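The model shown is predicted, which means the values in this text are computed figures rather than measured ones. The chains referred to below are lettered A, B, ... by the order of the sequence lines, with proteins before strands, and numbering in each begins at 1.
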Protein chains: 2
Amino acid sequence: MTRMSPDARRQTIVEAAQAVARRKGLSATTVRDVAEEMGTSSGLIHHYFASMDQLLAEVFSQVAEADLSATRERMDGATSETGRLAAYFDAWADPDNDDIFQFWLDAWSEASRNEAVQERSRALNIEWQGLLSEVIETGIASGEFNQVDAEAVSWTALSLLDGMSLQVVAHPTVIERGKAAQWAANSTERDLGLPLGTLRAASVIA
Amino acid sequence: MTRMSPDARRQTIVEAAQAVARRKGLSATTVRDVAEEMGTSSGLIHHYFASMDQLLAEVFSQVAEADLSATRERMDGATSETGRLAAYFDAWADPDNDDIFQFWLDAWSEASRNEAVQERSRALNIEWQGLLSEVIETGIASGEFNQVDAEAVSWTALSLLDGMSLQVVAHPTVIERGKAAQWAANSTERDLGLPLGTLRAASVIA
DNA sequence: AACTCTATTGCGCGTGCGTCCAATAGCGAA
DNA sequence: TTCGCTATTGGACGCACGCGCAATAGAGTT
């Protein structure tokens, strides 16, 4: 393999591992798989990562962080807090994100057996909830939403979205994706004291 | 090991495998673990199960079905539909069920890559949702609940409970268990048009 | 052109896995 | 009591894993 700078090589490895993990799943990805994917030797992987667990944690981390940034960008386009909340829900319902959600399923399953993954997964989940919480608090301050418990509603909405996605991704066809999105939006609207349909309307506009 | 009838032996093996899986996780359970757990040889396991995958699938199936029956029994003790719903939520929040929920996480992660697991997981999830849906429909008919869309509310509640459990089990300490239970109950009460606190009150009585 | 530094190689180590099979033991029928 | 059937044993086999190390190769410097 052509020689590379350490930083570039590290990133190459993570990207190769990511490609394998999308195909085989996070926990089924092996050192040899990754080496073969990038056409190098297994020794190289260990030269850059102290353990396989750490490589897998890094892979998950990068995928999830990119998704978080993409969602933040989608939300930045909106003008109201209602619009930002709608963008958050839209990002979740996007079929393009199904592969990414599979990473989350793998990570949650893996968390109990891989400390590095658990730590990354916990931190990232808190970031997603924090993003939601910010929107809700700002929306309350601006008078768009009722005076609700932002922590409670943000965890509730995040859990609901996770649970719905889970059904859609792990058991395709058990719930129709559009219905799931609608139900999640309606329930959250009730939690926030918004008229039903507010989020749907805001997402069409944005 | 003392000689046994084939049926009894099969069940003995499944139970031993279940005990190991609760400790180490489904995917980390090995033939040798199971043999050692029941004080016998590894050859015996393969005399009764064509492959390890089949044994693990059987374990998941039995654990999940037993959990479903146990929940049904808890609910049978209640006198109103509100009480039955509260019992359903109580069963979910029970810390004893954490290791069972870890099985679900494993199953959902595995579902997209293992058809047999996906099929069992889907069917069992539908049974859980159906149980909830029945209670809601009966409760509407009896006038205990508002006239809501039972399918929507049951999937919403199930997803919310799954999502909350996920945080509690995969990321211990990120949300306090009691709060999660409370938030899930409150959101479902809003979906059903019940006064807040109804479920908590009903569960204390039952 | 010679040298140095380090990214990269490739294989071997120990472990643990699922699977398989020839040998054994023990119950029930004859 | 003897015999036959089958539940049970226990170890061998081949494979794949993560990991580590001594050897190599190739780019940049002098």
Under the rule for side-chain contact (heavy atoms from CB on, under 4.5 Å), what residues qualify as partners of [X], not counting sequence neighbours?
{"X": "A123(A)", "result": "R120(A)"}
{"X": "E144(A)", "result": "S80(A), E81(A), T82(A), S142(A)"}
{"X": "R32(B)", "result": "T30(B)"}

Review point. Among residues 17-25 of chain B, which residues get a heavy atom nearer than 4.0 Å to DNA chain C?
Key: none
Review point. Do other residues, nucleotides or ligands put more than 12 heavy atoms under 6.0 Å from the CG atom of D76(B)?
Key: yes
Review point. How are the rings of W92(A) and Y88(A) set to each other: parallel, tilted or perpendicular (split at 30° and 60°)?
Key: parallel
Revision key, fill the gap. The first and last nucleotides of DNA chain C lying within contact of chain B, meaning any atom under 4.0 Å from one of its heavy atoms, run from dC17(C) to dC27(C)
Review point. Is the NZ or CZ atom of R10(A) positioned over F49(A)'s six-membered ring, under 6.0 angstrom from the centre and within 45° of the axis?
Key: yes
Review point. If you look at every heavy atom in A170(B) and L105(B), which pair is closest and at what distance?
Key: CB-CD1, 4.3 Å
**Study point:** Distance, rounded to the nearest Å, where Q54(A) contributes CD and dC19(D) contributes C1'
**Key:** 13 Å
Point to revise | Polar side chain donor-acceptor pair, T198(A) to E189(A), under 3.5 angstrom | key: no
Point to revise | Under 3.5 Å side-chain donor-acceptor pair for Q102(B) and D106(B) | key: yes
Check your understanding: Checking side chain to side chain contact (heavy atoms under 4.5 Å, CB included) against W104(B), which of D162(B), N125(B), V169(B) comes through?
Key -> N125(B)
Protein and nucleotides 4-13 of chain D: nitrogen or oxygen contacts under 3.5 angstrom:
| residue | atom | partner | partner atom | Å |
| --- | --- | --- | --- | --- |
| dT6(D) | O2 | R3(B) | NH1 | 3.4 |
| dT6(D) | O2 | R3(B) | NH2 | 3.3 |
| dA7(D) | O4' | R3(B) | NH1 | 3.4 |
| dT8(D) | OP1 | T2(B) | O | 3.2 |
| dT8(D) | OP1 | M4(B) | N | 3.0 |
| dT8(D) | OP1 | R9(B) | NE | 3.2 |
| dT8(D) | OP1 | R9(B) | NH2 | 2.7 |
| dT8(D) | OP2 | R9(B) | NE | 3.0 |
| dT8(D) | OP2 | Y48(B) | OH | 3.0 |
| dT9(D) | OP1 | M1(B) | N | 2.7 |
| dT9(D) | OP2 | T40(B) | OG1 | 2.1 |
| dT9(D) | OP2 | S41(B) | N | 3.3 |
| dT9(D) | OP2 | S41(B) | OG | 3.4 |
| dG11(D) | O6 | S42(B) | OG | 3.4 |

